[in-house]
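Predicted, not measured: the structure shown is a model, and the values here were computed from it. Keep in mind that the numbers below use all heavy atoms, side chains included, and drop hydrogens, waters and symmetry copies.
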Amino acid sequence: EIPIHRSHVLPIARTVMENPQIPAPGRKTRHPQIRVQAFLANLPMFSEMSTEELDRVALGTTAIYAGKGETVCRTGDPCNGFHVVIYGQVKLGFTSPQGIEKVVEIIRPGQSFGEALMFLDKPYIVFAQALADSMLLHVAKQTVFEQLDRHPGFARRMLSGLSRRLHGLVRDVEAYTLRSGAERVIGYLLGDVPDDAAASGAPVEVNLTPGKSVIASRLNMTPEHFSRILHDLAANGLVEVNGRTIRVLDLARLRGDGG
């Protein structure tokens with residue numbers, strides 16, 4: 001078995017390690033020789049499981065490789081389990097009847113989506129699209145339910161993840177209604193700054209990997225408004241903007257302006 005690392009992004013559009021429990025209609029499939037257990041063991045949700053338990057979870061787990069811009073799931077698709085991002089980034093969003101796209105969340109490595117709908121037995125109410133070449137694991141619903149019965153620690157960690165998601169939604173409502181556009185942008189930038197960055201006093205770089213238009217939608221503003229705020233922050237000596245790379249020059253001042 002050959003482990004797949006982040007640097008081994010495959011050039012094909014989609015590669016799925018097929019599992020009879022999880023059909024993937026329309027996807028190009030191959031059978032890469034990877035050890036799913038190795039990826040599962042590095043995720044907090046599964047970290048306390050024994051080798052035997054990980055083997056059981058792996059039987060109900062599908063590895064999905066999505067190229068940049070490829071759709072992982074569509075609005076209305078059945079939710080047969082949940083996804084965990086191993087590398088890359090995935091945006092969740094929906095499109096209005098007028099064709100306007102709203103990004104609800106950007107899922108990063110180690111984060112998951114689909115748990116709540118899986119428990120509700122509801123179809124996806126958002127679409128999921130890869131923002132970069134990505135690898136995800138899809139864990140089947142039946143496998144999850146079996147582990148919930150067997151492993152209280154797994155249940156606690158899943159509840160913790162759902163609670164964090166709910167807390168994030170409440171924070172989003174607060175930001176949209178009570179915070180200015182500049183405060184929302186600064187909050188996003190600070191979210192990508194390491195906790196120990198202030199100790200060194202050196203400038204910190206933040207990469208806008210998803211793209212400015214995606215981030216603007218996530219922050220509930222237009223791309224033009226987002227760019228103007230970055231320009232104002234640069235004019236005030238707080239950041240330098242070089243394409244998708246933002247260099248934070250004064251972290252203390254930026255935190256102060258972000259409220």
Side-chain angles (χ1 to χ4, degrees), residues 13-14 24-27 64 66-85 88-109 111-134 136 138 141 161-189 191-192 206-233 241 243-244 246 258:
R14 270 175 279 196
R27 288 178 178 262
I64 300 173
K68 180 179 179 181
E70 186 175 3
T71 298
V72 177
C73 61
R74 296 175 174 82
T75 303
D77 283 352
C79 185
N80 300 320
F82 72 96
H83 291 83
V84 183
V85 176
Q89 290 187 346
V90 175
K91 69 176 178 181
L92 305 182
F94 51 83
T95 306
S96 73
Q98 294 76 32
I100 300 172
E101 181 180 290
K102 166 60 181 170
V103 177
V104 177
E105 193 166 1
I106 298 170
I107 308 296
R108 303 173 187 239
Q111 296 180 328
S112 58
F113 63 93
E115 301 96 319
L117 294 172
M118 175 188 69
F119 285 119
L120 292 171
D121 200 25
K122 299 287 187 181
Y124 282 105
I125 58 175
V126 295
F127 66 80
Q129 184 182 50
L131 292 170
D133 290 341
S134 303
L136 305 88
H138 180 278
K141 180 193 300 186
L162 290 170
S163 298
R164 282 196 299 272
R165 185 70 52 80
L166 177 60
H167 180 68
L169 291 173
V170 173
R171 291 293 300 270
D172 284 348
V173 173
E174 177 200 16
Y176 298 157
T177 55
L178 300 178
R179 293 182 176 270
S180 67
E183 288 173 331
R184 299 201 298 275
V185 171
I186 290 172
Y188 181 88
L189 296 176
D192 274 354
V206 175
N207 293 310
L208 306 181
T209 307
K212 292 180 180 179
S213 61
V214 172
I215 296 171
S217 178
R218 175 69 182 86
L219 298 177
N220 202 36
M221 61 180 64
T222 64
E224 294 77 14
H225 189 192
F226 180 74
S227 294
R228 283 197 301 272
I229 290 172
L230 288 179
H231 177 79
D232 291 342
L233 294 176
V241 181
R244 293 190 178 188
I246 308 299

Heavy-atom pair with the smallest gap, counting every atom of [X] and [Y]:
{"X": "Y124", "Y": "R74", "answer": "CB-O, 3.7 Å"}
{"X": "Y176", "Y": "R184", "answer": "CD2-CD, 4.1 Å"}
{"X": "G114", "Y": "C79", "answer": "O-SG, 3.4 Å"}
{"X": "V72", "Y": "A130", "answer": "CG2-N, 4.5 Å"}
{"X": "S217", "Y": "V103", "answer": "OG-N, 2.7 Å"}
{"X": "L92", "Y": "A128", "answer": "CD2-CB, 3.6 Å"}

Taking the side chain as C-beta and beyond, is there a heavy-atom pair between [X] and [Y] under 4.5 Å?
{"X": "Y188", "Y": "I106", "result": "yes"}
{"X": "K102", "Y": "N220", "result": "yes"}
{"X": "L219", "Y": "H225", "result": "no"}
{"X": "F119", "Y": "K141", "result": "no"}
{"X": "F94", "Y": "I125", "result": "no"}
{"X": "V173", "Y": "L178", "result": "no"}
{"X": "I246", "Y": "L208", "result": "yes"}

Quick check for you: to the nearest 0.5 Å, what is the distance between [X] atom [atom1] and [Y] atom [atom2]?
{"X": "I64", "Y": "C73", "atom1": "CD1", "atom2": "SG", "result": "8.5 Å"}
{"X": "K91", "Y": "E105", "atom1": "NZ", "atom2": "CD", "result": "14.0 Å"}
{"X": "E115", "Y": "R165", "atom1": "CD", "atom2": "CZ", "result": "5.5 Å"}
{"X": "S134", "Y": "E70", "atom1": "OG", "atom2": "CD", "result": "9.5 Å"}
{"X": "R244", "Y": "I215", "atom1": "CZ", "atom2": "CD1", "result": "8.0 Å"}
{"X": "L136", "Y": "S112", "atom1": "CG", "atom2": "OG", "result": "10.5 Å"}

Would you check, one step at a time, whether the test side-chain contact (heavy atoms from CB on, under 4.5 Å) holds for I186 with L233?
CA-CA 9 Å; I186 290 172; L233 294 176; 4.0 Å; yes
Any idea how H83 and F113 line up, ring-wise: parallel (<30°), tilted (30 to 60°), or perpendicular (>60°)?
parallel
Got more than 12 heavy atoms from elsewhere within 6.0 Å of NZ, K122?
no
Candidate pair Q89 and V214, rule side-chain contact (heavy atoms from CB on, under 4.5 Å), full reasoning
CA-CA 12 Å; Q89 290 187 346; V214 172; over 6 Å; no
Please determine which of E224, M221, E183 meets the side-chain contact (heavy atoms from CB on, under 4.5 Å) test together with I229.
M221
Please check this pair: side chain of D133 against backbone of G67, looking for a donor-acceptor N/O pair closer than 3.5 Å.
no
List the steps and the verdict of side-chain contact (heavy atoms from CB on, under 4.5 Å) for F226 and V185.
CA-CA 7 Å; F226 180 74; V185 171; 3.7 Å; yes
